[in-house]
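Reckoned from all heavy atoms, side chains included, excluding hydrogens, waters and symmetry mates. To find a chain, count down the sequence lines: A is the first, B the second, and so on, and within it residues start at 1.
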2 protein chains.
Amino acid sequence: MATVIDGKALAKKINEQTTQRVEKLQADYGITPGLVVLIVGTDQASERYVRNKHRTAQRLGINSIVRQLPVDISEAELLKIIQQYNNDPTIDGILVQDPLPDQINEKDVTRTILPEKDVDGFHPVNVGKLFIDDSTKYPVSCTPKGIMTMFDEYGISLKGKKAVMIGRSAIVGKPMAALMINAGATVSILNRYTPDIKDYTKDADIIVSATGQLHLLGPDAIKSGAVIIDVGQNMNEQGHLVGDVDYDDVFDKVGFITPVPGGVGPMTIATLMQQSVDLAEWGMQRGK
Amino acid sequence: MATVIDGKALAKKINEQTTQRVEKLQADYGITPGLVVLIVGTDQASERYVRNKHRTAQRLGINSIVRQLPVDISEAELLKIIQQYNNDPTIDGILVQDPLPDQINEKDVTRTILPEKDVDGFHPVNVGKLFIDDSTKYPVSCTPKGIMTMFDEYGISLKGKKAVMIGRSAIVGKPMAALMINAGATVSILNRYTPDIKDYTKDADIIVSATGQLHLLGPDAIKSGAVIIDVGQNMNEQGHLVGDVDYDDVFDKVGFITPVPGGVGPMTIATLMQQSVDLAEWGMQRGK
């Protein structure tokens, strides 16, 4: 019988802690964490994500600013705006919503955001610190960080475990693999060229799937008692939002599983909020 | 019948190319690549490594400077010396030899070296670029980079292959894993907590071992035709330098294998020299 990893409930708990930390920062130091989200153009999905982040941030007491920029903005103009927020002491975190129009090089954007304000954890210097398991404080990509919080909450230890990361993206797969490696797991990172993913998943203690591929994993692909973290967000044949894993079919075999929706998704936003406050606290400690 | 990956011969070839590149830089632009190696204290092994690097660099026409610093130098003094070389336009690469005395924080040292002069590829921003497979030019840790050169030379492709990295150090294991992931391999990263490394090695197409553990892998642990890269440097019972793998015992089973000595070792130094010239060329292209 599986334990459902309730991302929604855990996100609520984290958000309550975040609210308290915001209140404490205000009471003790008169500081309100500031988060700016830049959105270029009017992509509907992006607007929905940003609205979601904005509302949550406001609800938790974070000073949330959303700036919608014209779809034809030049890269130079966008970078100039980022620089302004880099220099703005009321802003602790800067996020540029994906995707960006063709005239803008995403890497230039990522690198222009000050590492200390890189709330998404995408700047190479922050990625590098994660990969070498640096002992200082730095932001980490929110989805993987949120998954680590889930492991922690549900008492799932990683040391000595066989973990499989399906997907090698810079946003989920690679940072998730790094976090699990640093926690002592043996980690296999799979990609589209892996001839047979079952070779890896069938013995795995922990599987994190981030492929966006329907029906990627069924009961024959996993071992009894495995921990399944499903980062996939797919529309199934009935038009419902589902993950990469056949949830109902594997349910009786797994030890722990995240539902889709209500699993990893809410934790990503809660972690973003948490990290916005982290950045504000770290900035204060540096005597920003 | 195994093919021996002859690191010594390949290093010689790379060194000849490096010499030619140095000559061309001098002829065309009047530039001599400059490499400074800082050694703190008088550790015998370190002195031997440094002497080796220095002689090779001189032989290839690189302007090589070795500075031996007192074992009781303060961190502040050492960082000041690094800063001087950061600002010195005749110096393209800065290397601080391991190990460092207790009063010096290695991470502070790594971070003080300008990323553009980080010939060892240890700076977090360079590690981050490697991990996200950045398309710009940046230095990479020399041992893993040298191993990739070996794969290339011997026509060993990585895409779709099952690779195993034994060891997760910041200098070898992690950057090697990143390079293989970026090249399309499915990579498993093993560590001291992996319950049974054979679970992974017995099916692996490519095994890179960097543990410093004698007799780690014998013929029962590998599949027929596997590629074995042995980064281990151990003294065996007879006082001979050997790797992690039982070379003679596995020889008839493997497809390719690096000997110890004469495999990975010479390639590390050749790659350091190659990368010193890379840094000089990139600096010139940036209009240093």
Quiz item: Do D220(A) and K198(A) meet the salt-bridge criterion of a basic N to acidic O distance under 4.0 Å?
Solution: yes
Quiz item: Does the pair I257(B) and I5(B) meet the rule for a side chain to side chain contact (heavy atoms under 4.5 Å, CB included), with working shown?
Solution: CA-CA 6 Å; I257(B) 189 164; I5(B) 299 181; over 6 Å; no
Quiz prompt | chain A contact residues among residues 149-165 of chain B, heavy-atom distance under 4.5 Å | solution = K159(B), G160(B), K162(B)
Quiz item: Tell me, side chain or backbone of S135(A) under 4.5 Å from chain B's heavy atoms, or both, or neither?
Solution: both
Self-check item: Check: K174(B) and S169(B) side chains under 4.5 Å, non-hydrogen atoms
Solution: no
Quiz prompt | Side chain, backbone, both or neither of D133(B) within contact of chain A (heavy atoms, under 4.5 Å) | solution = both
Quiz prompt | Residue part contacting chain B, namely of K107(A), when any heavy atom lies under 4.5 Å | solution = side chain
Self-check item: N/O donor-acceptor pair under 3.5 Å between D118(B) side chain and H123(B) backbone
Solution: yes
Self-check item: Selection from D134(A), V127(A), T194(A) maximising heavy-atom pairs under 4.5 Å formed with chain B
Solution: D134(A)
Quiz item: Does some side-chain heavy atom of L217(A) sit less than 4.5 Å from a side-chain heavy atom of D246(A)?
Solution: no
Practice problem: With T143(B) as reference, evaluate T268(B), T271(B), D120(B) under the side chain to side chain donor-acceptor pair (under 3.5 Å) test and give the passing residue. | Solution: T268(B)
Quiz prompt | N-O pairing of K145(A) and D278(A) below 4.0 Å | solution = yes
Quiz item: Short question: side chain of Q103(B), backbone of I73(B) - any donor-acceptor pair under 3.5 Å?
Solution: yes
Quiz prompt | Winner by heavy-atom pair count (cut-off under 4.5 Å) against chain A, out of L130(B), L190(B), V187(B), N182(B) | solution = V187(B)
Self-check item: Heavy-atom check, side chain of P124(A) versus side chain of F131(B), under 4.5 Å
Solution: no
Exercise. Report the option among G184(B), P175(B), A178(B), A177(B) that has the most heavy-atom pairs separated by less than 4.5 Å from atoms of chain A.
Key: G184(B)
Quiz item: Looking at D230(B), I197(B), I166(B), D244(B), which one forms a side-chain contact (heavy atoms from CB on, under 4.5 Å) with I207(B)?
Solution: I166(B)
Quiz item: For chain B, which of I189(A), N126(A), I132(A) has the most heavy-atom pairs under 4.5 Å?
Solution: I189(A)
Quiz item: Which answer fits R192(A), side chain, backbone, both or neither, if we ask what part of it has an atom under 4.5 Å from a heavy atom of chain B?
Solution: neither
